[in-house]
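Take a look at the structure set out below.
Every value quoted in this text rests on a predicted model; they were computed, and no experiment measured them.
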Amino acid sequence: MNIEEFELNYRNGIDDTLNQLQTAVLLLAQLEDRITVIGQDLQNLSQTVEEFVTQQRDE
């Protein structure tokens with residue numbers, strides 16, 4: 001392998017690795033957003049259940 005081939009392989013490897021890293025970062029951002037939504041949904045559900053229980057006790 002000469003220097004040109006080595007450099008090309010190196011650059012291709014770096015490009016592939018950076019693309020994989022960018023994909024992972026984007027997936028992580030989507031996952032963080034989804035976790036936030038799930039947390040909000042759980043809080044809303046808990047509040048609804050608590051309100052229902054309170055109403056049932058008051059009746």
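- Atom CG of Asn9 sits about 12.0 Å away from atom CD of Glu4, to the nearest 0.5 Å.
- Applying side chain to side chain contact (heavy atoms under 4.5 Å, CB included) to Val37 and the options Asp41, Asp33, Ile35 leaves one that passes, Asp41.
- Atoms OG1 and CZ, on Thr36 and Arg34 in that order, are 10.5 Å from each other to the nearest 0.5 Å.
- Between the CG atom in Leu28 and the CG atom in Leu21 there is a gap of 10.5 Å [rounded to 0.5 Å].
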Practice task
Evaluate the criterion side chain to side chain donor-acceptor pair (under 3.5 Å) for residue pair Glu51 and Gln47; output intermediate values, then yes/no.
Solution key: CA-CA 6 Å; Glu51 290 171 358; Gln47 183 178 356; 3.1 Å; yes
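- Cluster membership check: Phe6 does not share its hydrophobic cluster with Ile14, using side-chain heavy-atom separations under 4.5 Å among Ile, Leu, Val, Met, Phe, Trp and Tyr.
- Note that CG of Leu18 is 10.5 Å distant from OG1 of Thr23, once rounded to the nearest 0.5 Å.
- Atom CG of Leu27 is separated from atom CD of Gln22 by 11.0 Å, given to the nearest 0.5 angstrom.
- Other residues, nucleotides and ligands place no more than 12 heavy atoms under 6.0 Å from the CD atom of Glu50.
- The CG atom of Leu26 lies 12.5 Å from the CG atom of Leu31; values are rounded to the nearest 0.5 Å.
- In this structure, the side chain of Glu5 engages the main chain of Asn2 through a donor-acceptor pair within 3.5 Å.
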